[in-house]
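Each ligand, and each atom within it, is numbered from 1 in the order the structure gives.
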Amino acid sequence: MQASGGAWVGWTGEVDGPEDTIHLDSIDLYPVPLSATEHALYYEGFSNDTLWPLYHDALRESGFNAPEWDAYVEVNTRFATRIADIAPADAAVWLHDYHLQLVPALLREQRDDLVIGWFNHIPFPPLELFQRLPWRTQIIEGLLGADVLGFQRHRGALNFVAAAALLTDAVEVDSQHLMVVEQGIERVVTVANFPISIDVDEFETKASGRVNRRHTAQIRSRLGDPEVIILGVDRLDYTKGIGSRLRAFGNLLDQGRLDPNRHVMVQVATPTREGVEMYQEERREIERIVGEINGKHGRLGYPVIHYLYQVLPLDELIPLYQAGDVMLVTPFRDGMNLVAKEYVAAHVDGDGVLVLSEFTGAADELRDALLVNPHDEEAFQEAIVQAVEMPRHERRQRMQAMRACITAADVNVWAASFLDALRDREPDPVDNADNADV
Ligand code: GDG
């Protein structure tokens with residue numbers, strides 16, 4: 001945003017927060033407030049208790065609740081109106097994520113001069129799952145108000161096209177374009193994948209500092225100088241597969257294939273959505289497993305799993321990535337997973353092994369990770385052993401290939417490719433100096 005200019009419209013993250021414009025680090029922020037009830041119904045309810053599980057393979061049962069849907073409509077309308085009020089003529093508007101799927105059509109109704117894009121950070125589910133949603137047609141119609149719809153993976157874009165063709169009058173022109181007819185006028189919607197990435201330069205610069213190297217050495221020594229540090233870093237979300245990963249580690253200790261004197265695990269689980277019951281259950285289960293494994297395999301002063309339920313500052317996270325000899329990124333479903341890419345970016349030493357679930361978007365690009373199906377207990381355990389025992393030359397070869405991959409497609413490439421697709425849809429070249437994007 002700083003590089004390209006424009007305005008940012010969003011919820012501040014606090015209930016009944018401020019409404020006045022905030023100017024911060026040369027970006028104009030336009031808050032859209034949420035009340036406590038809307039936070040419960042729209043954010044924790046419809047967004048995170050209905051859409052989130054449904055869009056992640058229905059890993060948990062979704063609640064389908066009419067008052068939550070009403071709040072979703074209400075808040076989406078508020079966002080659309082806020083954007084319509086502030087967007088300059090012909091501006092490009094880039095909407096983000098599953099919380100705002102009705103905004104494209106609501107915004108187009110008010111401002112047909114705008115070019116509208118939407119990007120989904122999470123998976124878009126197969127038709128068979130999406131059809132469960134009582135408000136499925138309204139969601140698709142809301143999204144079809146956009147000019148460009150972006151997904152992490154090709155599969156997500158295909159799933160959307162299939163849902164739109166079945167549930168609405170939209171016609172598939174080709175695999176990347178749908179035709180919709182509004183008041184007798186035809187309009188094309190581009191549907192494509194734009195895999196997100198990270199600021200690789202930022203990670204490499206921070207990871208290359210001397211202070212950082214010292215910090216990494218300190219982490220090793222505080223963990224008792226084990227031979228191999230196995231690492232997991234996730235929001236504490238049931239989609240991330242933290243429990244099954246810990247169980248795989250525990251089973252290998254039980255079998256004597258890993259040794260608590262030589263192999264330790266660090267699991268950072270960041271607090272998230274703590275008001276949602278399923279997240280409280282997941283936390284209890286993870287902490288139970290950690291306790292069980294440490295009780296069985298730890299020694300006084302040397303737990304075998306070091307578990308942190310907290311948010312680490314980035315300057316602690318980067319040396320932790322570097323200290324990790326083996327990184328386990330094993331969600332059951334994930335739109336992309338940035339942690340996998342951050343681990344690779346932080347390994348400026350060219351070493352380290354990534355074990356990566358094939359159900360992440362990142363698996364499409366990081367083909368030199370050890371790809372696993374986290375539902376396959378035996379294969380999962382084998383992959384951990386293979387990672388721990390991998391010879392140095394193979395580790396370096398794989399890491400080099402993964403580093404080349406993330407360097408070639410960093411977050412700037414992602415943003416530019418989406419904005420280019422959006423600008424391609426602008427009717428006329430924009431030469432108005434007052435024009436800005438939102
Ligand atoms: C959604 C999609 C998609 C985590 N713990 C700490 C910390 N983090 C940071 C990581 C990373 C981010 O949180 C997590 O990003 P992920 O991509 O792994 O997962 P989600 O939060 O589920 O994100 C996902 C993403 O959107 C982007 O489109 O990839 O699929 O679900 O950046 O570093 N950061 C700090 N301390 C922590 O303890 N500083």
Measure the distances from the heavy atoms of [X] to every atom of ligand 1 and state whether one is below 4.0 angstrom.
| X | result |
| --- | --- |
| Y98 | no |
| Y309 | no |
| K240 | yes |

Which residue and non-hydrogen atom of the protein lie closest to [atom], and at what distance in Å?
| atom | result |
| --- | --- |
| atom 14 (C) of ligand 1 | V339 CG2, 4.4 Å |
| atom 10 (C) of ligand 1 | E342 OE1, 3.4 Å |
| atom 17 (O) of ligand 1 | L338 N, 2.7 Å |

Atom indices of ligand 1, in the order listed, that fall short of 4.0 Å to a heavy atom of [X]:
| X | value |
| --- | --- |
| W52 | 31 (O) |
| Y321 | 33 (O) |
| T270 | 4 (C), 5 (N), 6 (C), 37 (C), 38 (O) |
| G335 | 30 (O) |
| D334 | 2 (C), 24 (C), 30 (O), 31 (O) |
| Q152 | 3 (C), 28 (O) |
| R235 | 20 (P), 21 (O), 22 (O) |
| L317 | 7 (C), 33 (O), 34 (N), 35 (C) |

Can [X] be said to sit on top of [Y]'s aromatic six-ring, NZ or CZ under 6.0 Å from centre and within 45° of the ring axis?
| X | Y | value |
| --- | --- | --- |
| R299 | Y302 | yes |
| R78 | W11 | no |
| R283 | Y309 | yes |

Are the ring centres of F332 and H375 closer than 6.0 Å?
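Close enough - the centres of the two rings lie under 6.0 Å apart.
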Keeping to residues at least two apart or across chains, list the side chain to side chain donor-acceptor pair (under 3.5 Å) pairs with something in residues 130-139.
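The answer is none; no pair qualifies.
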For the residue pair F119 and W414, does the interplanar ring angle fall in the parallel (under 30°), tilted (30 to 60°) or perpendicular (over 60°) class?
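If you compare the ring of F119 with that of W414, the planes turn out perpendicular.
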Exercise check, heavy-atom protein proximity under 4.0 Å to atom 30 (O) of ligand 1:
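Yes; the ligand atom in question has protein heavy-atom contact below 4.0 Å.
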Can you find a protein heavy atom under 4.0 Å from atom 12 (C) of ligand 1?
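Within 4.0 Å of atom 12 (C) of ligand 1, no protein heavy atoms are found.
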State whether the shortest distance between N or O atoms of [X] and N or O atoms of ligand 1 falls below 3.5 angstrom.
| X | answer |
| --- | --- |
| N337 | yes |
| L312 | yes |
| M336 | yes |

Looking at [X] and [Y], does any basic side-chain N land under 4.0 Å from a carboxylate oxygen?
| X | Y | answer |
| --- | --- | --- |
| E282 | R273 | no |
| R153 | D364 | yes |
| K341 | E365 | yes |

Only counting residues at least two apart or in another chain, list the ones meeting side chain to side chain contact (heavy atoms under 4.5 Å, CB included) with D368.
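D368 satisfies side chain to side chain contact (heavy atoms under 4.5 Å, CB included) with R398, A401, M402 only.
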Under the 3.5 angstrom rule, does the side chain of D410 hit a backbone N or O of V200 as a donor-acceptor pair?
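Between the backbone of V200 and the side chain of D410 there is no qualifying donor-acceptor contact (under 3.5 Å).
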Taking side chain to side chain contact (heavy atoms under 4.5 Å, CB included) as the criterion, tell me which of V161, L127, I140 meets it with L166.
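When V161, L127, I140 are each tested with L166, the side chain to side chain contact (heavy atoms under 4.5 Å, CB included) holds only for L127.
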Best match, H121, R333, H56: closest heavy atom to atom 3 (C) of ligand 1
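Selected option, by shortest heavy-atom distance: H121.
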